[in-house]
Amino acid sequence: MIAIYGYRPVQRWTYRSIPGPPPRWLTGNLSEITRLSYAMFYLKYARKYGKVWKVWFGSRVVVLVMDPDLGRLVNRNPNRHAYPHLGDLKSAADNASFFSSITTARDHNLHRSLQSAWQPTLSSASLAGYAPAMNAAAERLVACLGAVAAANGETDMLARFFRVAVDVVGTAVFGVDMHAQDDDDGPAAKRSTALVTAMQTLMDIEYGARSRYLTAGALFPFAFPLLRALVNIFPDNAIRRICSSYVILRGTCEEVLGDIKAKLAAAAPPASPAAALAGAGPLPKAAKPKSSGAGSVAMMPQAAVPDGGDAAQVPTPPGGFIPHLLSSAHHAGVRGGALLSDDEVLQQAMSFLVGTPESTAAAMSFCVHCLASHSAAEAALLQEVDAFGRARVPSAEDLAGLPYLDAVWTEALRLYGPGVSILREAAHDQRIGGHFIPKGTALQTVICAIHRDPAIWPRAGEFVPERWLAGHAAEVTDAQRRAFNPWGDGARACIGRRFAAEEGRIVLLRLYQQFTFELLPGQVPLELWSPFSIKPRHGLFVRPRVRA
């Protein structure tokens, strides 16, 4: 029976018409995927098996779509129920543990409801108000790199950018100082280091794969209830570390939520929690940025929210993410239109905190790598930076006048976009690309392969930022623009993509006002890894050089 189960004759027969790399007995293609990482595995076979092929994640068949038009059919289908979000994790309506947030909500109405709650905090008006916090984090980074450059030292820019991104989320979104870039050995810095380590552990799928329970669950999904019981009694080291990391992350967000609710309760009765916190102005002298609990996060003063107007147009002030969510209600068809519960607010905060820094830091790292290894592109960017002003502090509106900076950011995302693939599920039997797809089949539109397809992109594997400049001879076509989806596609595209783009461009501009970067030996070609999003496998090590 075990031999038959490992061979899976029924599934092999069902998907026999779809090509793909030959699976091994029992484990399928899982061992090779784990060894190479997801993106590298997909890129290895991207053009070998055509536009639609399959891969075996242990016992489960996943059908991969490598064509942008077929991908749009799946991800932008007018029938929103045709290809629901792949929901191996329960939705926020059913599960209050781990990440039951906007990123994992399977139910369409629940996702739409949470999306509506998030949107005002990421509107253009709100993003403009976050620029000072992004500049402040960039200035901290410039000071740190200045010390490194003065000593002719070396540094890992991926690690630096991750801490910058944590600081930005803390100050801009939550209104707290995360102390992520502190270099001292104080309690705040130590606690921040523990938080950063916890976030990186939770985002590292490779680390989770070391658990024998997670591997067993992929191979024997029918035994999941037994495995869940066993893991509670006999957790292995990987599970222990994952759980302890989750406790640190949740504890930090609970602390922030508790501090904000306490300040709202102490304020005069407001029209809304966001207005109360924003309208209170700077904190009283006795409560000026102080340590919360052990002292790693300190509350920041809030900006004012304009009175009146539709909630979707009213900008959320820096630090107003949680107060806004506390006043947000579900759609009428979701939980009767009730306000978001404290646990739902907490889960959204955790999702923002753990999800944003990883992808944003990787994107900034790849920009630095591409510029340091392409002198002509670096020279063109420096010319634009100098024309903007070496000492000028950018606002969100200034970014529209920096087309080459935007082109560098966009081209780096094409080559190394954070979205490796988009997960969906077939709601009914159908045909895609001429292949029969049974109901319940997991589907992945593989963005990283589409972005590097030479049939779509001239010089597909090269860094050519000029392709994104209007009027340039290499300017992208409409078809290429449709094929470009670094943050996902359709209703499930990353809701924080504009936040990341603003942060990334502001930080890069502030860096290149002061520095250029020399890659250390062994950084070209850069070894890639994709435990969650694509990133440099061993970091990005450079020697910062102060500009004359």
Item to check | Among Phe463, Trp409, Phe366, ring pair (Phe, Tyr, Trp, His ring centres under 6.0 Å) partner for Tyr416 | outcome: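 Filter result, single survivor: Phe366.
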Sub-4.5 Å side-chain heavy-atom contact between [X] and [Y]:
| X | Y | answer |
| --- | --- | --- |
| His369 | Met157 | no |
| Trp487 | Ile447 | no |
| Lys261 | Asp342 | yes |
| Thr155 | Leu145 | yes |
| Arg505 | Leu402 | no |
| Phe517 | Leu371 | no |
| Phe174 | Leu353 | yes |
| Leu405 | Phe388 | no |

Side chain [X], main chain [Y], donor-acceptor under 3.5 Å:
| X | Y | value |
| --- | --- | --- |
| Arg240 | Pro235 | yes |
| Gln523 | Val542 | no |
| Ser192 | Ala188 | no |
| Ser245 | Leu202 | no |
| Thr360 | Pro357 | no |
| Asp259 | Val256 | no |
| His179 | Lys190 | no |
| Asp156 | Phe541 | no |
| Gln513 | Gly389 | yes |
| His374 | Cys370 | yes |

Roughly how far, to the nearest 0.5 Å, is [atom2] of [Y] from [atom1] of [X]?
| X | Y | atom1 | atom2 | result |
| --- | --- | --- | --- | --- |
| Thr316 | His324 | OG1 | NE2 | 5.0 Å |
| Leu346 | Ile322 | CG | CD1 | 8.0 Å |
| Phe352 | Leu122 | CZ | CG | 5.0 Å |
| Ser373 | Leu519 | OG | CG | 6.0 Å |
| Asp489 | Phe484 | CG | CZ | 11.5 Å |
| Gln348 | Ser351 | CD | OG | 6.5 Å |

All salt bridge (charged side-chain N to carboxylate O under 4.0 Å, His left out) counterparts of [X], not counting sequence neighbours:
| X | answer |
| --- | --- |
| Glu527 | Arg537 |
| Arg390 | none |
| Glu254 | Arg250 |
| Glu411 | Arg414, Arg467 |

Checklist entry - Do we get Arg543 above Phe515's six-membered ring, with its NZ or CZ under 6.0 Å from the centre and within 45° of the axis? => result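 Cation-pi check for Arg543 and Phe515: fails.
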Of the non-hydrogen atoms in [X] and [Y], which two are nearest, and what is the gap between them?
| X | Y | answer |
| --- | --- | --- |
| Thr171 | Ala133 | OG1-CB, 3.4 Å |
| Ala149 | Val546 | CB-CG2, 3.7 Å |
| Leu43 | Ala449 | CD2-CA, 3.8 Å |
| Glu344 | Leu339 | OE1-O, 4.5 Å |
| Pro394 | Asn135 | O-ND2, 2.8 Å |
| Leu158 | Pro536 | CD2-O, 3.8 Å |

Item to check | Test log, rule side-chain contact (heavy atoms from CB on, under 4.5 Å), inputs Met199 and Thr252 | outcome: CA-CA 11 Å; Met199 294 164 62; Thr252 299; over 6 Å; no
Counting only pairs under 3.5 Å, give me each side-chain donor-acceptor contact of residues 491-502, with atom names and distances, residues two or more places apart or in other chains.
unit_1, atom_1, unit_2, atom_2, d
Arg492, NH1, Ala105, O, 2.6
Arg492, NH2, Ala105, O, 2.7
Arg492, NH2, Arg106, O, 3.3
Arg497, NH1, Cys494, O, 2.6
Arg498, NH2, Ser124, OG, 2.4

Please determine, by modelled atom types, if [X] and [Y] share a side-chain donor-acceptor pair under 3.5 angstrom.
| X | Y | result |
| --- | --- | --- |
| His330 | Ser113 | yes |
| Asn109 | Arg112 | no |
| Thr445 | Asn75 | yes |

Checklist entry - How far apart are the C-alpha atoms of Leu382 and Tyr404, what are their side-chain angles, what is the distance that settles it, and do they pass the side-chain contact (heavy atoms from CB on, under 4.5 Å) test? => result CA-CA 10 Å; Leu382 294 178; Tyr404 201 83; over 6 Å; no
Checklist entry - Step by step, would you call Val173 with Thr121 a side-chain contact (heavy atoms from CB on, under 4.5 Å)? => result CA-CA 8 Å; Val173 179; Thr121 68; over 6 Å; no
Checklist entry - Stepwise, does the side-chain contact (heavy atoms from CB on, under 4.5 Å) test hold for Val368 with Leu508? => result CA-CA 8 Å; Val368 169; Leu508 289 169; 4.0 Å; yes
Item to check | Qualifying salt bridge (Lys or Arg N to Asp or Glu O under 4.0 Å) pairs, either residue in residues 138-150, two or more places apart | outcome: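 For residues 138-150, and leaving out neighbouring residues, the salt bridge (Lys or Arg N to Asp or Glu O under 4.0 Å) pairs sorted by first residue read Glu139-Arg510, Arg140-Asp167, Arg140-Asp177.
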